[in-house]
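Source: prediction; values computed, not measured. Start at 1 and go down the list; that is how both ligands and their atoms are numbered.
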Amino acid sequence: MSRPATTVTREDYERREGETLAPYAARSAETQGRVHPEPEHAYRTAYQRDRDRVVHSTAFRRLEYKTQVFLTHEGDHFRTRLTHTLEVAQIARTLARALDLNEDLTEAAALAHDLGHTPFGHSGEEALQELMKDHGGFEHNRHGVRIVDTLEHPYPGFRGLNLTYEVRECIAKHATGYDHPAPAEFGSGPPPLEGQIVELADSIAYDSHDLDDALAMGIMEAEALADLDIFRQAAADFAKSLADLSLDQRIRRIAKLLIDLMVTDAITTSAEAIRAAGVGSVEDVRRADRRLIGLSAALEPKVRELETLLLAQVYGHKRVAPKMTEAKRLVARLFEAYRADPTRLPPNYRRRVGEEGLERIICDYVAGMTDRFAQAEYRRLCDM
Ligand code: MG
């Protein structure tokens, strides 16, 4: 049966969100809003607009040339921050849809979750943490909020992307093993469930893709993996699709299947936790004494076991660890080169030194660099 062509306006979409999402989902019509008031868009909800603003930002484009784990010169087919971010967004959207949550807020938060990362992955971050410890510190989630609030400035009337409170809250509260508390503005409770989903999707993505990259690089032994509980479980869960494969083929296949295994577990576990907590609104979620999105008590320790092995065999591998030490030294020397002669900073950064202090401005500049730009600056300023 055909129906006449029609358009879906923002108001229609907000109505759909109101009628179809779970009561504890974030609704774009109920956002706590933007710092600088703006008229609403005719067709896009507040969260859809935020997602688009993130994708159009300079910091987002630079993710393409920032290291995830394996420095970019190792090969063009390893994950970068950008492809990691896209994998997180795709996993997070599946979780959000299955749990009846706001897919647009989830996507916006996922695409923004790593904007605050430095060049050279965690080595770059460690270098800046040391350099900034007497100057207000450095932490990538806080820096992510600073990027979207201040450093990006596409609009003539104000600085920043002027994102909604909820997207900023999800960036600020994004917590993994490496992270720290959010600024007081966002309160101390958990983020909305959409933000909690991004945290879990982040670890699901890197557990699986770091393993996949390590296998492709040939720095992880198939035999060591076959002994892990999570591989045994996957081998049993997916026995049919793994029949007739060699050990190496099975391991490569299971590395991919782990995403499905973890996502499926997370959906049932989280749905149960949400029911048990009896939350009826986003405010209830923020008031809860724990995060409600997560893996089951049965799967969690198996995933930790895999992460421990990755930490020892991949991040500590002799082809990876020395490169990380080298990158850390490069960032530190680059920072010192700007401190020794601030006229080396571009004018639009130099202009803000009086307001914010030299170290913070150097930190902003260096943190924003891609790996290859940092290397070029290093050659220009330090490697003479
Ligand atoms: Mg991440």
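- Between the Mg ion (ligand 1) and the N, O or S atoms of D114, the shortest distance is to OD2.
- Counted within 6.0 Å of OH on Y43, heavy atoms from surrounding residues, nucleotides or ligands total 12 or fewer; the atom is thus considered open.
- The cationic atom of R51 (NZ for Lys, CZ for Arg) does not lie both less than 6.0 Å from the six-membered ring centre of Y47 and within 45° of the ring axis.
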Without placing hydrogens or testing angles, list every side-chain donor-acceptor pair under 3.5 Å for residues 225-232, not counting sequence neighbours.
| unit_1 | atom_1 | unit_2 | atom_2 | d |
| --- | --- | --- | --- | --- |
| R232 | NH2 | D227 | O | 3.3 |

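- Judged by distance alone, the side chains of D202 and H84 do bring a donor and an acceptor atom under 3.5 Å apart.
- Of all the N, O or S atoms in D202, the one closest to the Mg ion (ligand 1) is OD1.
- Metal site remark for the Mg ion (ligand 1): H84 contributes an N, O or S atom at a distance under 2.8 Å.
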